[in-house]
Amino acid sequence: MRSEGPVGTVAEVELEALESEAAGAISGAATTSELDEARVRYLGRKSRLKQALRGVRDREGGLALNALRGRLEEALEERSRQLERAELERALGADALDVTLPGSAPPRGTLHPITQVRREVEDAFLGLGYEVRYDREVETTEYNFDKLAFPPWHPARSPRDSFFLDHEVVLRTETSPSQIHALEEREPPIYMVSIGRCYRRDAIDATHYPIFHQFEGLAVDRGLTLADLKGTLLHVMRALYGEERRVRFRTHYFPFTEPSMEPDVSCGICDGAGCTTCRQSGWLEMGGSGMVDPAVLANVGVDADEWSGFAFGCGLERVAQLRHNLPDIRLLWENDLRVLRQF
Ligand code: DAH
């Protein structure tokens, strides 16, 4: 781009001298005001460069002068950024706290899937007018077994199945003792759901863990029937799994209900047709339920001729597993962030 011979009114040698002088002034400017002076001197209206541009006579000279102007403007910009940054840093150093700077956002966690499911269960029952309660995890055998009408030979009373602290104190094996606490605290009608940790001496595998969570519902009122139990479970299962779910009962045995049933919910993957998730049955087991045994009501001084009730218990891990298609329950306890971040 440089041409031989004179360029405009400024010879090539002069151009080079001008460029190195201007570049020196720009890079040597120690403050923004010194830089402004250099800008006026080398690029201002009366600068040698502008005068030369005004006197340009040929294309080549014009190109060379414009290129020089471009380089000097760029150098000015760059130096101006450097000085501004340095000045900001000096100011920050002087007044260490600048409350006007944007903060750095801390990383945001998510609620553990069990906590999320617990809150959904609570919402479903609060919508039905139930009270939510949390009871103690260390129980006496009286509340964990006796008042729930467990027979003396029941295997859960054995230290092989349950964690005993001494022979009358046990880590609760289910949330059912909450039924007794609720019934002893006040008179029916009672509509409550109790949620929390339970403990059993289970060997750890894909579906068992010695600590787990249950929710336990209890309703005691005048004239409650199995139909109320089924309607309540249907409402809750639909709240947790979706409106198209169905519920069925299979007869079973529990010490504190008569009759006792295990509720199943229709499989959401095959809609009841049968698939690997439901082992071709079309149904998923949900826990236990039944009509409160009159013997339990008698244990807490409630007149079984006047009052009747229903109860049910389900595992929160099971709900979380089905909701999120978790292949292994241990994922809920290992606290691996790569897993937990997905929920
Ligand atoms: N407590 C039972 C268990 O852990 C589940 C259960 C069954 C709870 C029947 C109930 C019920 O409230 O009525 O296996």
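Atoms considered below: every heavy atom in the structure, side chains included; atoms not considered: hydrogens, waters and symmetry mates. Each ligand, and each atom within it, is numbered from 1 in the order the structure gives.
- Considering only non-hydrogen protein atoms, atom 12 (O) of ligand 1 sits nearest to E216 OE2, 2.6 Å.
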Go through it in stages, so that I can follow the logic: the residues are Y42 and L76, the test is side-chain contact (heavy atoms from CB on, under 4.5 Å), and I'd like the CA-CA distance, side-chain angles, deciding distance and then a yes or no. CA-CA 10 Å; Y42 295 103; L76 269 166; over 6 Å; no
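- Taking only non-hydrogen atoms, the option from S260, S289, G217, S176 nearest to atom 9 (C) of ligand 1 is S289.
- Using a cut-off of 4.0 Å between Lys/Arg side-chain N and Asp/Glu carboxylate O, R246 and D271 are scored as salt-bridged.
- Note on ligand 1: G287 sits outside its first shell, no heavy atom being nearer than 4.0 Å.
- Numbered from 1 in the order shown, with element, the atoms of ligand 1 that lie under 4.0 Å from a heavy atom of Q179 read 12 (O).
- Residue F150 is tested with F145, F254, Y143, Y253 for a ring-ring contact (aromatic ring centres under 6.0 Å, His included); the sole match is F145.
- The shortest N/O to N/O separation between F312 and ligand 1 falls below 3.5 Å.
- The shortest separation from a heavy atom of E262 to ligand 1 is not under 4.0 Å, leaving the residue out of contact.
- For F310, the closest heavy-atom approach to ligand 1 does not fall below 4.0 Å.
- The environment of CD in E187 is sparse: at most 12 heavy-atom neighbours from other residues, nucleotides or ligands sit within 6.0 Å.
- Remark: ligand 1 atoms within the under-4.0 Å shell around heavy atoms of E174 are 1 (N), 2 (C), 3 (C), 4 (O).
- A heavy-atom separation below 4.0 Å is not found between R172 and ligand 1.
- Near G313, the atoms of ligand 1 lying under 4.0 angstrom from a non-hydrogen atom of the residue are 6 (C), 8 (C), 10 (C), 12 (O).
- Among L148, T173, T257, T175, the residue whose heavy atom lies nearest to atom 13 (O) of ligand 1 is T257.
- The closest approach between any non-hydrogen atom of H252 and ligand 1 is not below 4.0 Å.
- Between R81 and E78, at least one side-chain N (NZ, or NE/NH1/NH2) sits under 4.0 Å from a carboxylate O, which counts as a salt bridge.
- For the pairing with E216, the side chain to side chain donor-acceptor pair (under 3.5 Å) check across S176, S194, S178 returns one residue only, S176.
- Contact check on K147 versus E184 returns a salt bridge, with a Lys/Arg side-chain nitrogen under 4.0 Å from an Asp/Glu carboxylate oxygen.
- Taking atom 11 (C) of ligand 1 as the reference point, the nearest protein heavy-atom neighbour is F256 CE1, 3.3 Å.
- Using a 4.0 Å cut-off between charged nitrogen and carboxylate oxygen, R157 and D146 count as a salt-bridge pair.
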